**Student:** 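My questions will all concern the structure given below.
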There are 2 protein chains.
Amino acid sequence: MGKAGRNPTISDVAELAGVSVPTVSRVLTGAVKVSPAKRALVEAAIAELNYRPSAAARVLVSRKSRTIAVIAGNTSRYGYAETIRGIEIAARAEGYTVMIAVVESADDEEVDRAVSAVQTQTLAGIVVLKFDPPGAAALRKLGADVPRVALSGTRETGVPQAVLDEAAAAEELTEYLLGLGHRTVHHVRVPPSRRVDGRTSGWRRALRKADAPVPPVHDATWEPLSGVPIGRALAADPEVTAVFCGNDEIAMGVMRGIVEAGRRVPEDISVAGFDDHPLAELWSPPLTTVAQDFAALGTRGFQLLLESMNDEGAGRYSSERPKIVYRASTAAPGR
Amino acid sequence: MGKAGRNPTISDVAELAGVSVPTVSRVLTGAVKVSPAKRALVEAAIAELNYRPSAAARVLVSRKSRTIAVIAGNTSRYGYAETIRGIEIAARAEGYTVMIAVVESADDEEVDRAVSAVQTQTLAGIVVLKFDPPGAAALRKLGADVPRVALSGTRETGVPQAVLDEAAAAEELTEYLLGLGHRTVHHVRVPPSRRVDGRTSGWRRALRKADAPVPPVHDATWEPLSGVPIGRALAADPEVTAVFCGNDEIAMGVMRGIVEAGRRVPEDISVAGFDDHPLAELWSPPLTTVAQDFAALGTRGFQLLLESMNDEGAGRYSSERPKIVYRASTAAPGR
DNA sequence: CTGAAAGCGCTAACAG
DNA sequence: CTGTTAGCGCTTTCAG
């Protein structure tokens with residue numbers, strides 16, 4: 001019998017069931033056939049002792065793990081949280097456990113800390129949220145010894161990757177605005193993930209293709225409130241009739257600034273966002289935006305990871321085109 | 001030298017440094033003194049091989065882990081995501097890694113699955129988000145063998161717990177509304193965590209204390225849009241002048257319904273929410289609400305866990321009183 | 001201060 | 001089908 005206070009081990013189970021330790025292991029893993037009689041004995045013993053195999057011991061000897069890590073710059077912001085949720089759901093469905101490693105900044109020290117924390121664990125795979133510079137830096141430092149998948153960001157070579165084609169969506173949205181009759185579209189950017197930001201480059205491409213002037217970009221922070229002064233500034237310029245914002249929260253801040261400055265949305269100025277935040281539909285006026293299915297992105301990411309664990313489809317690239325959601329915050333320019 | 005393709009092990013390091021394996025272990029753990037000369041040798045070897053100790057092997061022999069698990073009914077909804085963020089930040093600061101276990105429902109099977117997944121890991125401790133029935137069910141099934149902490153929910157005995165005193169805050173907010181001159185306050189509830197929901201009971205307590213009529217409760221889902229029809233219904237009743245909603249997102253939906261029905265906020269009807277969602281301040285009109293510091297709750301939770309790992313303060317209870325944020329969505333009743 | 005020996009809980013050969 | 005024998009990578013005695 002196991003000593004009191006200690007968790008039961010596989011030998012406690014073996015002893016109680018009257019079989020050898022490997023036999024218990026065999027019913028646990030199910031890999032090798034065991035006679036029904038002994039199997040029943042073992043299962044009874046497991047139930048009686050409320051035995052749970054130790055993942056640590058298992059991993060040590062089998063070198064196989066049922067844990068994946070998610071490396072992310074953040075866990076609670078809308079896109080991040082939803083993506084992680086998608087990964088977790090897919091992982092759970094396949095019996096995997098998820099571990100989180102947050103990389104606050106792209107500082108060498110911080111990235112090393114996070115990468116070390118991850119490399120210490122024996123993992124089945126790693127999903128990197130390449131939404132921002134910290135994520136990209138972490139991916140770069142990761143060895144190729146463990147299956148990895150990158151989510152979003154610039155295209156990787158040699159690493160399977162799933163992305164949302166933000167540039168295409170931003171281009172389409174900007175074209176829509178121009179098609180409404182706006183002479184040009186102004187842009188408020190969220191902190192860019194990298195040198196080239198898909199949302200910004202899609203916007204610029206659309207303007208160039210239409211030979212529309214490319215106004216200077218306004219930079220917001222992740223704080224919704226940071227959009228307010230930008231909105232006020234934009235409203236002060238009578239030339240401004242359409243604004244495309246890097247995300248919905250900033251768009252809401254910008255709209256607030258515009259309204260505070262005494263102009264109307266969309267009569268005087270059209271405003272569009274990005275993400276289709278849960279509150280975008282509820283906003284007044286409801287926000288025209290781009291629906292990004294982050295949870296599906298996470299799920300695709302885990303799928304890619306699974307494939308890459310089985311050596312299939314290494315280097316696969318999966319791109320999805322987000323859909324524009326037309327609502328009331330955009331309209332033809334007034335007079 | 002280590003075989004190619006394999007991660008380097010502690011004996012590869014020992015060999016390269018020309019010392020014994022336990023000596024390497026001693027510089028790794030720092031528990032026992034090692035001569036500066038050997039220490040330098042070992043550190044050089046570690047750096048050269050880019051060696052990372054295996055957490056699995058460590059845990060197996062030392063029975064000590066630097067990983068904690070968070071059990072939660074959800075990971076991406078505002079309060080949940082922020083709480084997890086707070087836990088993760090505190091854990092990371094102390095060198096702990098966070099593992100996530102999601103419990104979708106309170107079904108026995110689902111709860112057992114999550115609890116098993118957690119018990120398989122060798123953990124330093126577990127933080128349970130007792131925000132909802134699944135969380136509460138999971139806490140109940142967890143053995144006392146690993147340090148645990150409960151966050152929110154009804155008071156536990158024997159388990160350290162950190163909570164936000166929602167009932168007190170809801171009562172204060174309701175009293176404020178009554179103090180403004182409203183005859184009573186209507187209530188829209190979010191899916192309740194348990195039989196007694198703090199927000200609802202605080203509201204009811206305030207009405208009783210003031211001898212105000214207690215109108216029937218309206219039930220919303222977690223979907224912000226579910227508030228819209230409720231808002232419309234409320235607006236149709238001329239008796240309604242003040243509404244207290246279970247969270248900000250629902251409050252936004254309710255306000256939308258009220259406005260659609262042709263009544264104004266706050267001139268005709270005051271609306272208050274709960275949580276101080278990042279967009280509450282930006283809403284028109286800005287929402288009166290209760291600021292819940294979920295990240296701080298998470299941090300306090302991890303602190304409690306640390307104490308309980310060191311056998312200090314087992315059974316501690318930490319309650320924080322959220323602060324009311326007065327904004328423009330509430331006012332004295334019009335005539 | 002340092003090395004030798006033992007063993008954590010489990011699975012992977014290998015006989016039988 | 002089943003038991004015996006090894007040993008995963010590390011920390012922990014225990015001698016020196």
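Reminder, nothing fancy here: chain letters follow the sequence lines and each chain counts from 1. Keep in mind the model is a prediction, meaning the values are calculated, not measured.
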**Student:** In whole angstrom, what separates B/L28's CG from D/dT12's C1'?
**Tutor:** 14 Å
**Student:** After noting the C-alpha distance and the side-chain angles of B/Y80 and B/F294, does the key distance pass the ring pair (Phe, Tyr, Trp, His ring centres under 6.0 Å) rule?
**Tutor:** CA-CA 8 Å; B/Y80 293 79; B/F294 287 108; 8.3 Å; no
**Student:** Report the residue (A/V61 or B/V61) whose heavy-atom-nearest nucleotide on DNA chain C is the more 5′ of the two.
**Tutor:** B/V61
**Student:** Is there a side-chain polar atom (N or O) of B/T23 under 4.0 Å from OP1 or OP2 of C/dG3?
**Tutor:** yes
**Student:** Taking CG from A/L41 and P from D/dG3, how many angstroms apart are they, rounded to a whole number?
**Tutor:** 11 Å
**Student:** Using only side-chain N and O atoms of A/S20, determine if any of them is under 4.0 Å from OP1 or OP2 of D/dG3.
**Tutor:** yes
**Student:** Any side-chain N or O of A/S35 below 4.0 angstrom from OP1/OP2 of D/dT2?
**Tutor:** yes
**Student:** Check every atom of C/dA13, D/dC10, C/dG9 against the side chain of B/S54 and return the nucleotide holding the closest atom.
**Tutor:** D/dC10
**Student:** Between C/dG9, D/dG3, D/dC10, which nucleotide has the shortest distance from any of its atoms to the side chain of A/V19?
**Tutor:** D/dG3
**Student:** Out of C/dT11, D/dT11, C/dG9, which nucleotide sits closest to the side chain of B/S62?
**Tutor:** D/dT11
**Student:** Could you state the CZ-P distance from A/R26 to C/dA13, rounded to the nearest angstrom?
**Tutor:** 12 Å
**Student:** Report the nucleotide, chosen from D/dG9, D/dT11, C/dC10, that has the shortest atom-to-atom distance to any side-chain atom of B/R58.
**Tutor:** D/dT11
**Student:** So how far is it from A/I84 CD1 to B/I100 CD1, rounded to the nearest 0.5 Å?
**Tutor:** 8.0 Å
**Student:** Can you tell me how far C1' of D/dG3 sits from CD of A/E15, to the nearest Å?
**Tutor:** 16 Å
**Student:** Please tell me if B/K38 has a side-chain N or O lying less than 4.0 Å from either OP1 or OP2 of C/dG3.
**Tutor:** yes
**Student:** Rounded to whole Å, please give me the gap between CZ in B/R66 and P in D/dT11.
**Tutor:** 13 Å
**Student:** Provide, to the nearest angstrom, the distance between the NZ atom belonging to B/K64 and the C1' atom belonging to D/dC10.
**Tutor:** 13 Å
**Student:** Would you kindly say whether B/R52 and A/T120 are connected by a side-chain donor-acceptor distance under 3.5 Å?
**Tutor:** no
**Student:** Indicate yes or no: does B/R66 engage B/E94 in a salt bridge with an N to O separation below 4.0 Å.
**Tutor:** no
**Student:** I want to verify a distance call: between D/dG9, C/dT11, C/dG9, whose nearest atom is closest to the A/V21 side chain?
**Tutor:** C/dT11
**Student:** Reckon B/V34 touches a base, only the sugar-phosphate, or nothing at all at heavy-atom distances under 4.0 Å?
**Tutor:** sugar-phosphate
**Student:** OP1 or OP2 of C/dT11 sitting under 4.0 Å from any side-chain N/O of A/S25?
**Tutor:** yes
**Student:** What's the CD-P distance between A/Q121 and D/dC8, to the nearest Å?
**Tutor:** 21 Å
**Student:** Could you verify whether a donor N or O on one side chain and an acceptor N or O on the other, from B/E82 and A/S76, lie under 3.5 Å apart?
**Tutor:** yes
**Student:** Decide, yes or no, whether a salt bridge links B/E88 with B/R85 under the criterion of side-chain N to carboxylate O below 4.0 Å.
**Tutor:** no
**Student:** Taking C-beta and beyond as the side chain, do B/D293 and B/E320 meet within less than 4.5 Å on heavy atoms?
**Tutor:** no
**Student:** Between the base of D/dG9 and the side chain of B/R52, is one N or O donor paired with an acceptor at under 3.5 angstrom?
**Tutor:** no
**Student:** Does A/V32 reach a base, just sugar-phosphate, or nothing at all? Heavy atoms under 4.0 Å.
**Tutor:** base
**Student:** Could you check which of D/dT12, C/dC1, C/dT11 has an atom nearest any side-chain atom of B/K33?
**Tutor:** C/dC1
**Student:** Does a side-chain N or O from B/R63 land closer than 4.0 Å to OP1 or OP2 of C/dC8, or not?
**Tutor:** no
**Student:** How long is the line joining CZ of B/R39 and C1' of C/dT2, in whole Å?
**Tutor:** 13 Å
**Student:** Which listed nucleotide (C/dC8, D/dC10, C/dC10) is nearest to the side chain of B/L60?
**Tutor:** C/dC8
**Student:** State which of C/dC10, C/dC8, D/dT12 makes the closest approach to the side chain of A/P53.
**Tutor:** C/dC10
**Student:** In terms of side-chain heavy atoms of A/P22, which of D/dT5, C/dC10, C/dG3 is nearest?
**Tutor:** D/dT5
**Student:** Looking across every strand, which nucleic acid part, if any, lies under 4.0 Å from A/V59 by heavy atom: base, sugar-phosphate, or nothing?
**Tutor:** nothing
